[in-house]
Amino acid sequence: MSTRRDFIKTTAGVGTMAAVGPSALLGAPAVRRQMVTPVSVASSNGIESVARACEIIAGGGDTLDAVVSGVNLVEIDPNDTSVGYGGLPNLDGAVQLDSSVMHGPTRGAGAVAALEGIKTPSKVAMAVMQYTDHVLLVGEGAQKFALSMGFEVEDLLTERARRRWIEWRARMSDTDDYLTPEESGERIEGFTEPDSYGDALLDSHDGVRPQGTINCNAVDPAGNISGVTTTSGLAWKIPGRVGDSPIVGAGLYVDNDVGACGSTGRGEAVIKTCGSHSVVELMRTGMSPTDACLEALRRIVTFTVEPRLRDEQGRPSFNVNYYAVNKNGDWGGAAIWSGARFAVCVDGESRREDSAYLFERQG
Ligand code: ASP
């Protein structure tokens, strides 16, 4: 998929192009075309997020403020069961959130993992970046820090998420004492309802658990880049499990000389391949965002050797999605399996695009 769009004004001749600085020595694109409007790319559930991010940047705002404000819309939305408030809980019924942010111009990074009780973990990640000498705070320490910064601790488990969790618990085993909805005769509202973000249900970690997260990246006309990833992580996870989203280099990576990338999907696969960092490094060599995403996904395929994670043809039985933007404002998204989509805002307009993919989904 070509991601070059005419919102980028190009002029013939190198005289009009600006050098990007010392990173050219590391293989970054030596020239930068002039962008006229901001560009933002996000996971499919971020359609409103990219719009907000571009609006804030167009109004003179900073790229990190823009993307964090964009994902806050989804974090506080109880209908997105993969992020923030309303997120599906862990094995014990506790909603544990992961998030990371990176601010290209200042080379800043902040993250939180297994954070409970705060609706907007991306803002806490941003506070870690701004107000501490650390990059990652986890669990109780992350919550204490958030409290000290004035965040409010709230119950994040919505009734809908709780009921999906108790149904999952009931279906885990037929030798325990929990009754399934069929056995108890109770219809569990919510479990079979389509998610309001249909794409999130298209993909699954294991055929049962929906996957989802929001990643949002943006570049402004001056070429400044930021990104954020935020999630409630894998539904029904082992308490304390941390996914890729709060791991700098895995679920998010930004290099202001090159571009940004973030991921959704099976976090373990992304962590093992340093996914988002790999995509940015591939873009540094001049690869387009889409091609870089596809190449990093091929590495996941190579790394997936466990029979339990492969289909009968040896392909991963899970999905991973990457979303990327480079300093020129070229953008792209790709997934292991066909059918995935992502959100993009260019030239002041937001829309969803089909992700490039490695394998065609059957049926
Ligand atoms: N990447 C997230 C994680 O592994 C979840 C997801 O995107 O579905 O925690």
Side-chain angles (χ1 to χ4, degrees), residues 41-46 49 71 74-75 80-84 86-91 94-100 111-116 121-122 125 136 138-139 142 156 161 164 168 195 197-217 227-253 261-279 293 296-297 300 303-304 309 316-324 333-337 339-343 355:
V41 65
S43 43
S44 175
N45 52 352
S49 311
V71 301
V74 181
E75 287 179 322
D80 190 311
T81 54
S82 68
V83 179
L88 295 175
N90 67 14
L91 184 73
V95 181
Q96 290 192 327
L97 306 175
D98 295 342
S99 180
S100 60
V112 289
L115 171 65
E116 294 184 22
S122 64
L136 174 61
V138 306
L156 303 187
R164 286 176 71 172
W168 169 80
D195 203 287
Y197 300 98
D199 291 330
L201 286 183
L202 185 68
D203 286 328
S204 156
H205 285 268
D206 52 11
V208 181
R209 294 187 274 189
Q211 71 181 31
T213 288
I214 181 165
N215 162 250
C216 185
N217 311 302
V228 55
T229 303
T230 175
T231 189
S232 51
L234 179 64
W236 337 133
K237 60 195 171 187
I238 295 174
R241 177 264 188 190
V242 171
D244 55 327
S245 309
I247 308 294
V248 167
L252 178 71
Y253 199 67
C261 177
S263 63
T264 63
R266 186 181 155 82
E268 284 73 7
V270 176
I271 293 172
K272 285 204 282 185
T273 53
C274 297
S276 295
H277 181 262
S278 299
V279 172
C293 291
L297 291 167
I300 290 181
F303 266 64
T304 306
L309 296 175
S317 53
F318 55 85
N319 210 356
V320 166
N321 304 260
Y322 287 125
Y323 317 95
I336 296 176
W337 289 97
R341 308 191 82 200
F342 64 100
S355 300

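We use all heavy atoms of the structure for the numbers below, so side chains are in, but hydrogens, waters and symmetry mates are not. All ligand and atom numbering here is 1-based and tracks the order in the structure.
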Counting distance only, does the side-chain N/O of [X] pair as donor-acceptor with the main-chain N or O of [Y] below 3.5 Å?
X	Y	result
Lys237	Ser232	yes
Ser278	Thr273	yes
Ser49	Asn45	no
Asp98	Ala114	yes

Proximal atoms of ligand 1 relative to [X] (non-hydrogen, under 4.0 Å):
X	answer
Gly233	9 (O)
Thr264	7 (O)
Gly243	9 (O)

Counting both backbone and side chain atoms, is some N or O of [X] under 3.5 Å from an N or O of ligand 1?
X	value
Thr213	yes
Gly265	yes
Gly267	yes
Asp98	no

**Prompt:** Any non-hydrogen atom of Arg241 lying under 4.0 Å from ligand 1?
**Reply:**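 For ligand 1, residue contact (heavy atoms, under 4.0 Å) with Arg241 is present.
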**Request:** Determine whether the side chain, the backbone, both or neither of Leu234 has a heavy atom under 4.0 Å from any heavy atom of ligand 1.
**Result:**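 The part of Leu234 near ligand 1 is the backbone, not the side chain.
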With the side chain counted from C-beta on, respond yes when [X] and [Y] share a heavy-atom pair under 4.5 Å apart, and no when they do not.
X	Y	answer
Ser43	Ile214	yes
Tyr253	Val279	no
Leu88	Trp168	no

